[in-house]
Amino acid sequence: MVTVSNSNGAVTPSAAPLPASPFSKKYNPLARPSSQVIGPNFRLTVLTPNLIRYEYSPDSTFEDRASTFAVHRHLPAVPFQRIDRADGGVEIHTEVLSVEYDGKAFSPSGFTAMLKASADRNTGHVGSAWGKFWRYGMEDGAGNLGGTCRTLDNVNGRCELEEGVLSTHGFAVIDDSASMLFTSEGWVAPRVPGRRDGYLFAYGDDYRGALQALFSISGKAPAVPRWALGNWWSKYYAYTAEEYTGLMDRFEADEIPMSVAVLDMDWHLTDIPPEYGAPWTGYTWDRKLFPDHVGFLKGLHDKNLKTTLNTHPADGVRAFEEQYPAMCKALGRDPSTKLPVTFDCTDRSFLSAYLNTLSHSLEDEGVDFWWIDWQQGPYSKIPGVDPLWMLNHYHFLDSVRHGRPMTFSRYAGPGSHRYPIGFSGDTHVTWESLHFQPEMTATASNIGYGWWSHDIGGHFYGYKRGVLSADADAVADTLPTLRADPSLPSQDNELLARWTQLGVFSPVLRLHSSNNPFNTREPWRQSAECRAVMTAFLRLRHALVPYIYSCGVRASVESRTLVEPVYYDHPGNSTAYKYRNTYTFGTELFLAPITSPRDKATLLGKAPAWLPPGKWVDTFTNVVYDGDRALSFHRTLDKVPCLARQGAIIPQDAGRLHNGCPLPTHVEITLVVGADGAFELLEDSGEGDEIEQIIFARTAITFDQAEGTLTIGPTAHPLVATREWSVRLPAFRPTPTQGMTAYAGDSPLTPRAEVRANETRIHLGPIPAGEEIIVDLGRNPALLHNDVKSLVQAVLDPMQVEYNIKLAALQALGTDEDGSAAVPLNVAISRIDGMELPSEMRGAVVELLLAESR
């Protein structure tokens, strides 16, 4: 007899109150009966034409409860053909997929799938012919494009990533057999041993289709609060209240806006009696450091900063804690025994007390959210119930009491995207770690995980001025073996500057370091060059919040992520897969972070990349580039390759930047002319727990290339009554016959234009939110051609190279002594090659020569 279980194996719940699960209201884990093909010991469910759930149960009972991965299986009905075979097997045929199964325990011989030819949109896709066929248990190898990992703790450079749902072979699998289950009573349950439960994603090279299916079945990522997108300060250090407040004052004095104040574990008592064990877990404020912690937290709030406290909950609540008597009372225990209240995430009464008695008492004093620092692995008293999953799930649900829910913790597995933000762990302070993080962030999108927060600058070990390094095999609780290493570069300030730049163009920017007094992240404690770069980029992060927040919301609504690999939109181009740490940032920007030390002679860092098709403009240099090619970008320390395609629209906060990311009173739009463009600026009051509940102020911004008109608004549901607007046009300068005009409604404006060599800025002034703004640039405005001679001279100027060599390189571009009369491109490059310039110098010059077709 075949049965379907909704409760088998559940952990017996008590009556203790826990946050209500959203699954019963928002999601339905029950697949449509018409989508199911059931046999004596198997069930196949056609969720989409390309997505099959497959189950095998020796006891003929199948699982319909939500799992940590799959919370919504009630998807639209899919037409398919079922063929029952005489041998007890079955065939399923959708419009794009054919599945054959022998009805027995899953095996490579008995369970196969084949994509039909129409499923591959790009016949030139890497491995597309081979990947049209799948066998159960088949190793995907290099075909799977990767997902993410639980943590980067103690990682120096690369680490292995788990698999995602995208593969160049066309098939990917999520094995859900061992994941935790959610019950209809709001509690959890383990799996029944011996049952198999998996999901076959058969999307060929339709990567966005695969991700749409992932989010459909696993739930969409929520919108993070706007303030979470600003700068975070974090350091493992025993601050006093006075020191921490003074630090925030210093940032404010230097006009560096902040958003989140993180307190690592030293906020609580760490000097505890030895009979209580290690001091990592704690819930009692250290009064020596924080005599008035409530006043301290209020002071941070008065500065428009949110506060999070680090918690290592593994050791439970011990008798020295102030909350110990209340916890004992909540759990019916005798506090006079002084026995520890052990951490047990499988005990519903404990978890309720942990949240309602312990956490809430601290939150009511001013703590906004928790940094959950669980490092003890996936095991609990019940197999399959992972403490990290429990903490992430229930902390996130509980955080709604403060408004829009958010938590801060490690990745627990597929489905973790429902619980932003991710803490990636304690990495080494090395170029190797920096180099891996862009790739890791982008690749995590392949499993839908879009909100990683890295330790910007790294956490520990590493090197400073090439003198000391740590044994790579040293573990976290062992002192590193320090040694002289002359091979290490003296690039520590450069490393921090480049890491900060990566943070600006990452989902979250959180400066962090260990308690080593020399391992610092304050800009004013770095070299003058590094300080200037950090200050400028930390300000830029807050200026970009209007763009980042809008793109983040759009990603949640459209089943996307903020950071995405380049190959999503170019699956048929093999080169798009080669440069794994380039990515798109939001809908408008392409990033190629510099993650290696600069050349000592040219003072330029280098970023190899494949630039997608189109014509692009670097938003820092205004240099125009042709796409659809591989190239290397060369940049001084104050710049990073950040390109926008023709038609791109990027709104930024152009007013005075403040803590907490308030709505801007002055918005500047960066517009790249040459193609039509559209962007919707999204803002809200912070109210509303879920996207469906949020009332957004929506400002449509569109550009009509043929007419040359930029249209802004009017804003629907405005939150800022009157706002100043300006427009920045990189690589654009109006011609003498191109008159620029602007209107707000029917009233003409008097725009003030700043025209420079390779950009134009138009100031429109303050305009009411209800007015439609139209800026007319003239029909078919065009990007400027690069002034190659000026660009080459500018890039050569700071190089630590002999003057005559630089002059010769410049003269190679033209026939005149100063190179003012250009020669054909092939002649110029031949001359450069004939000079046998240092390779990095040659690369920088050739980059500019070949940037665009002339």
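We use all heavy atoms of the structure for the numbers below, so side chains are in, but hydrogens, waters and symmetry mates are not.
More than 12 non-hydrogen atoms from other residues, nucleotides or ligands lie less than 6.0 angstrom from CD of Glu692.
Salt bridge absent: Arg521 and Asp455 never bring a charged side-chain N and a carboxylate O closer than 4.0 Å.
There is no side-chain donor-acceptor pair under 3.5 Å between Asp197 and Ser177. In summary, the side chains of Asn392 and Ser409 do present a donor paired with an acceptor at a separation below 3.5 Å, with no hydrogens or angles considered. In the model, His428 has no side-chain atom that pairs as donor or acceptor with a side-chain atom of His459 under 3.5 Å. Side-chain atoms of Tyr203 and Thr48 form a donor-acceptor pair, as typed in the model, at a separation below 3.5 Å. For the residue pair Trp499 / Thr595, no side-chain donor-acceptor distance below 3.5 Å is found, with atom types taken as modelled. A donor-acceptor contact closer than 3.5 angstrom links the side chains of Ser445 and Thr561. Inspection of the Ser453 and Arg510 side chains reveals an N or O donor paired with an N or O acceptor under 3.5 Å. When only modelled atom types and interatomic distance are considered, Asp176 and Ser67 share a side-chain donor-acceptor pair under 3.5 Å. Using modelled atom types, one finds no donor on one side chain facing an acceptor on the other under 3.5 Å when comparing Ser596 with His435.
When ring centroids are compared, Phe396 and Trp389 stay outside the 6.0 Å threshold. Here the two rings, on Tyr579 and Trp610, have centers that are 6.0 Å apart or farther. Aromatic ring centres of Phe215 and His417 lie closer together than 6.0 Å.
For Ala592 against Ala609, the heavy-atom pair with the smallest separation is CB-CB, 4.1 Å. Taking both residues in full, the closest heavy atoms of Pro225 and Tyr549 are given as C-CE1, 4.4 Å, listed atom of the first, atom of the second, then distance.
At least one side-chain heavy atom of Lys220 sits less than 4.5 Å from a side-chain heavy atom of Ser559. Between Leu434 and Leu502, some side-chain heavy-atom pair lies under the 4.5 Å cut-off. The shortest side-chain heavy-atom distance between Thr584 and Leu589 does not fall under the 4.5 Å cut-off. Side-chain contact between Lys606 and Ile594: absent, with no pair of heavy atoms (C-beta onward) separated by less than 4.5 Å.
Ring geometry for Trp227 versus Phe369: interplanar angle of 30 to 60°, hence tilted.
Evaluated for a side-chain hydrogen bond (donor to acceptor under 3.5 Å, both in side chains) with Tyr567, the options Thr575, Asn573, Asn446, Thr582 yield exactly one hit, Asn446.
Proximity of a side-chain donor or acceptor of Asn231 to a complementary backbone N or O of Pro257 within less than 3.5 Å is detected.
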